Amino acid sequence: MSPALETKLFNRGCSVVLYGAIILGALGYFVHVYFAVAIIPLFAVWEVICKIKGKKDARILADAFNSAFERFRASKPDLKKSYSYGFPSFTITFQTEDDMKCAEVDGSLRDFKDSIVALYGHVGTKEQAFDVSVAVYPTHVGRV
């Protein structure tokens, strides 16, 4: 399943949970309180699904990172994922500036950026599309 389709299905599932909670809350208020109690298992299942998806996404990102840097000869950099203006962003921290330049020369950074485009290229709109050149920020420990 493509990342775009998976994200679309997940978002639809979140909408179903939200609408289900609203309907159960209304039924609990107007019909019987037991309907409102049914919201608890609904949110519990949703929480489990979110945790499973989060772990899967983290594993896929780690696999993409390890695959991109498997032939990298220097010490392996650190990867940190965050979000900026609703878009995922990735900081790759190398031990030295030479390591960072080596990753650019041997294509490891390019391979990682290609993987990020495959995983997150669907994020955004036509007017404000995902831009991998802004999303991936290589840096080194000595940089202030």
Side-chain angles (χ1 to χ4, degrees), residues 1-29 34-144:
M1 181 182 317
S2 73
L5 179 60
E6 186 176 319
T7 300
K8 190 175 188 178
L9 289 174
F10 181 75
N11 290 341
R12 293 254 170 100
C14 290
S15 297
V16 167
V17 168
L18 175 65
Y19 295 139
I22 291 169
I23 290 168
L24 287 173
L27 287 172
Y29 183 77
Y34 289 136
F35 285 107
V37 174
I39 294 174
I40 296 169
L42 181 69
F43 280 126
V45 169
W46 181 48
E47 182 68 25
V48 168
I49 291 170
C50 288
K51 285 189 184 290
I52 291 170
K53 184 180 182 324
K55 287 182 181 181
K56 179 184 176 200
D57 290 349
R59 183 180 35 82
I60 290 172
L61 179 61
D63 289 346
F65 183 72
N66 291 333
S67 175
F69 285 93
E70 70 185 353
R71 69 178 181 277
F72 187 62
R73 294 190 180 135
S75 62
K76 194 169 187 179
D78 294 324
L79 175 66
K80 180 184 170 200
K81 180 181 177 184
S82 58
Y83 289 89
S84 178
Y85 297 102
F87 291 99
S89 62
F90 307 90
T91 303
I92 303 173
T93 306
F94 295 90
Q95 292 300 314
T96 65
E97 186 175 5
D98 291 337
D99 290 352
M100 187 171 72
K101 289 178 182 176
C102 180
E104 290 173 357
V105 170
D106 78 359
S108 297
L109 273 176
R110 183 190 67 245
D111 292 346
F112 181 67
K113 287 180 180 182
D114 291 344
S115 297
I116 293 301
V117 167
L119 293 172
Y120 299 98
H122 64 279
V123 175
T125 63
K126 289 180 183 177
E127 296 82 25
Q128 195 171 13
F130 179 77
D131 184 6
V132 73
S133 65
V134 176
V136 176
Y137 178 69
T139 187
H140 57 88
V141 174
R143 185 176 285 177
V144 178

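Note that the structure is predicted; figures quoted are calculated from it, not measured.
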Greater than 12 external heavy atoms within 6.0 Å of K53's NZ: yes
Any residue meeting salt bridge (Lys or Arg N to Asp or Glu O under 4.0 Å) with K81, in chain and number order, not counting sequence neighbours: none
Approximate separation, where rounding is to 0.5 Å, of D78 CG and Q95 CD: 6.5 Å
Test item: T7 side-chain N/O and P3 main-chain N/O as donor-acceptor pair under 3.5 Å: yes
Sequence neighbours left out, cut at 3.5 Å: what donor-acceptor pairs do the side chains of residues 129-136 make with other protein atoms?
{"residue": "D131", "atom": "OD1", "partner": "S133", "partner atom": "N", "Å": "3.2"}
{"residue": "D131", "atom": "OD1", "partner": "S133", "partner atom": "OG", "Å": "2.8"}
{"residue": "D131", "atom": "OD2", "partner": "S133", "partner atom": "OG", "Å": "3.1"}

Heavy-atom side-chain contact between D99 and S75 under 4.5 Å: yes
Min side-chain heavy-atom separation H140-T96 under 4.5 Å: no
Flag side-chain contact, heavy atom, 4.5 Å: K8 against H122: no
From CA spacing to verdict: side-chain contact (heavy atoms from CB on, under 4.5 Å), L109, F69: CA-CA 8 Å; L109 273 176; F69 285 93; 4.1 Å; yes
Beyond-backbone contact of K55 with R59, side-chain heavy atoms, under 4.5 angstrom: no
Closest non-hydrogen atom pair between V17 and L42, with its separation: O-CD2, 3.6 Å
Minimum side-chain heavy-atom gap E6-D57 below 4.5 Å: yes
CZ (R71) with more than 12 external heavy atoms under 6.0 Å: yes
Plane angle bin for F112 and F90 - parallel if under 30°, tilted between 30 and 60°, otherwise perpendicular: perpendicular
K101, NZ: over 12 other non-hydrogen atoms inside 6.0 angstrom: no
Nearest-0.5 Å distance, SG of residue C50 to CD of residue E47: 6.0 Å
Steps toward side-chain contact (heavy atoms from CB on, under 4.5 Å) verdict (I23, F35): CA-CA 9 Å; I23 290 168; F35 285 107; over 6 Å; no
More than 12 heavy atoms of other groups within 6.0 Å of Y29 OH: no
pair I116-L61: side-chain heavy atoms closer than 4.5 Å: yes
Non-hydrogen atoms of V123 and P88 that approach each other most closely: CG1-CD, 4.3 Å
Residues, nucleotides or ligands: over 12 heavy atoms within 6.0 Å of Q128 CD: no
Side chain proximity check, F72 to P77, heavy atoms < 4.5 angstrom: yes
Side-chain touch F65/S115, heavy atoms, less than 4.5 angstrom: no
Modelled atom types, side-chain donor and acceptor of D106 and S108, under 3.5 Å: yes
